[in-house]
Structure formats: C-alpha cells, structure tokens
Protein chains: 2
Amino acid sequence: MNFNRFDSAGFVINWCARVFERRMAEALRPLGLAPAYLPPLLTLAATGGATQGELAKAVAIQQPTMALTLRRMERDGLVMRVPDKADQRRAIVRLTPKAEELVPRVEGLARSINEAAFEGLPDDAPAQLIDLLHRAAHNLERPEKG
Amino acid sequence: MNFNRFDSAGFVINWCARVFERRMAEALRPLGLAPAYLPPLLTLAATGGATQGELAKAVAIQQPTMALTLRRMERDGLVMRVPDKADQRRAIVRLTPKAEELVPRVEGLARSINEAAFEGLPDDAPAQLIDLLHRAAHNLERPEKG
DNA sequence: CGGAACTATATAGCATGCTATATATGCTGC
DNA sequence: GCAGCATATATAGCATGCTATATAGTTCCG
C-alpha cells in the first residue's frame, strides 16, 4: 500500500477542495450555515439582491444546483424571494435580517480559514495559488464558446 | 452583478475541482467510468488488490464513501471482492479483466487532461500547484493527531 | 471459555453537484 | 392576437461526499 496518487494535480485539487469544505462546514455549523451557502450569501450581501440565475452565474454553479441551495437557505430562514411584478418568471432573492447579521462573522470565519491554509507559506502563496488555479480552470472550461 | 468571489482561495479551489471533475466525467463516460472510480481503479492497478479500508486510506476518502463507490464499480463490472478466509470481515478487492484492459486508456486520459490544464503555463506550474495545495491541505487537516 | 474491546464493512440520512427535462411566463413576427 | 421561440425557474434522477451508527467478525484478558 505504498502507492499513492498525491502527485496528480487533479487528485490533489479534489482532495484539497474536500479538506477545505469540511473545515468550512465545521466552522459554519455553529452558525446554522452550510458551506454551499457561502457564495450566494456573500454575493447577496454585496449586491443587496439578485435573481437565481444571476446568482448561479456569479458563483459558477448550475442553475438547478442554485435552486436547491436557495431552497435550503430559505428553509433555514436566510433568504426570501421577492416576486418581480414586471416579470412573473423572476424573483429577487434577498437576505433576511437574520442572515445579514451573520455576514460579518461569516466573513471573519472565511478569512481565518483561508489564513490557516497558508500558514507558514510565503506571502505570495495565496495569489500564486489562485492564479494557477484560475488558469487551469480556464484551460479546462468547455472549449466551445471559447 | 460585478461582484465576484474568484479571488478567494477556498472558492477558487472548489471551482477548479468541479471543472476538473466535470471534464474527467466527460472523458470517462464513453468508457463507462465515473470520475470517482479513478483513484481506486489506479490504486488497484498498481497494487493488484486491497481491502476497502486500505483503499479508503490510500485515496483519502472516508470508508462509507469508498463502500458506495466500490458497490457502483462492482455493479459496473469493474471490481470483484474476494473474501478473506482468514478474516471473514475482510475481502480483497480486485480489478476484473475488463477493468484491467481499461487501465492504460484511463491513464492516458488522465494524463491528457492534466496536461490540458497546464497548457501555456510554465513547466514547473504543475509541481508548484501540487506543492501549494499539499501544504494548504495539510494545514487544514484536523489539528488533533496532527 | 466468555464477554469486552477492537476492527471491517454496511446502512441511514443528508448536502452538494451535475445533466436532462418540464413548466410557466415573456417576447416577436406574421 | 397568436404561434413559436426565448428565458426563468422547478423537478427528476443520479453520483459523490460527509457524519453517525449498526452489524458482524476477531482478539484479548480474566
């Protein structure tokens, strides 16, 4: 059992993503939040409101996935949907006051986990990592529509 | 909707992992394989056989997750379980001939996707990325028993 | 030997993500 | 104005991952 796959980029990225998410889940649990809530939560905090489709695009998630995440967030009292009278297909998603109160603590948690990840690494490690991942992801995005 | 989260390490890692996995799923589909099969498949190809627990440890996945993945792989005719007579709790998981035939093609696919990810990047980008992710993941692994 | 502690695997229940497809509403050109 | 296309959201069905817990077999100790 000496064999291991920890020298393959694809594998290590997946592994690291899972470690990150687990850590985040753990930190967010006491606040009643799940890690998948974070991107829409922070996006809504910054924009004040957005449709489901806009949110999905902003955080690079498919629309059906965002639909489910928002449903859970609604169930947990974090967002509400304000129907758009001008276009009855749409609804503007907004944070509840409860969610808005949580935002600063959530941002603090996210920051501290990011910092913990880079502890003992050079100052430019975060920027470097993010840059490399960005380029790799762009390289792998579906080729059609360049 | 100018706001975006693509400058947070946690977010970008998650995003990149999903892009990677989607691409892998797409490439493996014609072979009748799923991306989660890859780590156990290649581990078994290298070792000749392992128990479920050994596999889970080797690829950094929880045991219940590995149990389900192996069940799907068995369903798809890729692995078989050879009961261990000396210890009836255990079974040695082995690749079927069908799976063994696929291994070279799978390795080729995995390699070419990894290469595509780093296209246009400096030669040391893969090593650098893997190193950074390794350190980050280790930093975030549960502290107890660290 | 027999029960307690340990180990290997299985199951339950849930979250998160995907693709494919349905539904409901809006828009456009005849 | 309405048929047909476009857009927004919802649903179905599945894979992958996690935690918590159950079950079954092994080991160890008195």
Side-chain angles (χ1 to χ4, degrees), chain A residues 10-11 14-29 32-40 50-57 59-76 78-79 81-93 141-142, chain B residues 10-11 14-29 32-40 50-57 59-76 78-79 81-93 141-142:
Chain A
F11 177 79
N14 176 277
W15 173 52
C16 195
R18 287 185 291 110
V19 171
F20 230 104
E21 179 164 356
R22 237 177 310 173
R23 191 63 151 181
M24 199 63 87
E26 204 178 289
L28 290 174
R29 196 167 308 129
L33 302 178
Y37 295 179
L38 237 156
T51 68
Q52 185 188 108
E54 286 167 340
L55 279 173
K57 207 165 277 181
V59 308
I61 281 283
Q62 301 310 120
Q63 170 266 320
T65 300
M66 184 54 73
L68 285 184
T69 298
L70 289 177
R71 185 187 295 173
R72 281 192 291 270
M73 290 179 77
E74 201 169 17
R75 176 199 68 190
D76 296 349
L78 299 166
V79 300
R81 311 192 197 213
V82 185
D84 181 343
K85 294 206 173 164
D87 183 345
Q88 296 192 304
R89 294 169 303 179
R90 304 153 36 100
I92 307 299
V93 182
E141 288 277 25
R142 298 270 31 224
Chain B
F11 177 80
N14 175 276
W15 173 52
C16 195
R18 287 185 291 113
V19 171
F20 230 105
E21 179 164 356
R22 237 177 310 174
R23 190 65 151 180
M24 199 62 88
E26 204 177 290
L28 291 174
R29 196 168 309 129
L33 302 178
Y37 295 179
L38 237 155
T51 67
Q52 184 188 109
E54 286 167 340
L55 279 174
K57 207 166 277 180
V59 309
I61 280 284
Q62 299 311 120
Q63 170 267 320
T65 300
M66 184 55 73
L68 285 184
T69 298
L70 289 178
R71 185 187 294 173
R72 281 192 292 267
M73 291 179 76
E74 201 170 17
R75 176 200 67 191
D76 296 349
L78 299 166
V79 300
R81 311 191 196 215
V82 185
D84 182 342
K85 293 205 174 163
D87 183 343
Q88 298 192 305
R89 293 168 304 178
R90 302 152 40 99
I92 306 299
V93 181
E141 289 277 23
R142 297 269 32 224

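In this text, all values refer to a predicted model and were calculated from it rather than measured experimentally. In what follows, every chain begins at residue 1, and chains take the letters A, B, ... in the order their sequences are listed.
Here B/Ala25 lies out of heavy-atom contact (under 4.0 Å) with every strand. Within the nucleic acid shown, A/Arg29 has no heavy atom closer than 4.0 Å to any nucleic acid atom. Among the protein residues, B/Arg71 comes within range of the sugar-phosphate backbone only, with heavy atoms under 4.0 Å from sugar or phosphate atoms but none that close to a base.
Taking the side chain as every heavy atom from C-beta outward, A/Thr69 and A/Pro40 approach each other to under 4.5 Å. Between B/Val59 and B/Met66, some side-chain heavy-atom pair lies under the 4.5 Å cut-off.
One finds the CE atom of A/Met24 at 11.0 Å from the CD atom of A/Glu26 (value rounded to the nearest 0.5 Å). Atoms CD and CZ, from B/Gln52 and B/Arg90 in turn, are 11.5 Å apart once rounded to the nearest 0.5 Å. Atoms CG and CG, from B/Leu33 and B/Asp76 in turn, are 8.0 Å apart once rounded to the nearest 0.5 Å. Rounded to the nearest 0.5 Å, atoms OG1 (A/Thr51) and CZ (A/Arg81) are 11.0 Å apart. Separation of atoms CG (B/Leu28) and CD (B/Glu21) is listed at 10.0 Å; rounding is to 0.5 Å.
The base of D/dT9 lies outside donor-acceptor range of the side chain of A/Arg89, with no N or O pair under 3.5 Å.
If you find the closest nucleotide of DNA chain C to A/Asp84 and to B/Ile92, the one lying nearer the 5' end belongs to B/Ile92. Residues B/Gly53 and A/Pro35 both approach DNA chain C. Their nearest nucleotides, taken by heavy-atom distance, put B/Gly53 toward the 5′ side.
The distance between atom OH of A/Tyr37 and atom P of C/dC14, rounded to the nearest whole Å, is 13 Å. Whole-Å rounding puts the B/Glu21 CD to C/dC18 C1' distance at 9 Å. What separates CG of B/Leu68 from C1' of D/dT19 is a distance of 13 Å, to the nearest Å. The interatomic distance linking B/Leu33 (CG) with D/dC14 (C1') rounds to 17 Å, in whole Å. A/Lys57 has its NZ atom 8 Å from the P atom of D/dA8, to the nearest Å. In this structure, A/Arg22 places its CZ atom 18 Å from P of C/dA15, rounding to the nearest Å. One atom, CG of B/Asp87, and another, P of C/dT9, lie 8 Å apart when rounded to the nearest Å. The distance between atom CZ of B/Phe20 and atom C1' of D/dG17, rounded to the nearest whole Å, is 19 Å.
Residue B/Gln52 has a polar side-chain atom (N or O) positioned under 4.0 Å from OP1 or OP2 of C/dA10. Within the structure, every side-chain polar atom (N or O) of B/Arg18 is placed at least 4.0 Å from both OP1 and OP2 of C/dT19. Residue B/Arg72 places at least one side-chain N or O under 4.0 Å from the OP1 or OP2 atom of D/dT16.
With hydrogens and angles disregarded, a donor-acceptor distance shorter than 3.5 Å links the side chain of B/Arg18 to the backbone of A/Ala60.
Scanning DNA chain C for stems, defined as runs of 3 or more consecutive Watson-Crick or G-U wobble pairs whose donor-acceptor distances all fall under 3.5 Å, gives the following ranges: C:1-30 with D:1-30.
Partners of A/Phe11 according to the ring pair (Phe, Tyr, Trp, His ring centres under 6.0 Å) rule, which considers only residues two or more places apart in sequence or in another chain, are A/Phe6.
Sorted by residue number, the members of residues 60-67 of chain B with any non-hydrogen atom under 4.0 Å from DNA chain D read B/Ile61, B/Gln62, B/Pro64, B/Thr65.
Here D/dA10 is the nucleotide among D/dA10, D/dG17, D/dT26 with the atom lying nearest to any side-chain atom of A/Arg81.
The minimum heavy-atom distance linking A/Ala36 with A/Pro39 is given by the pair O-CD, 3.5 Å.
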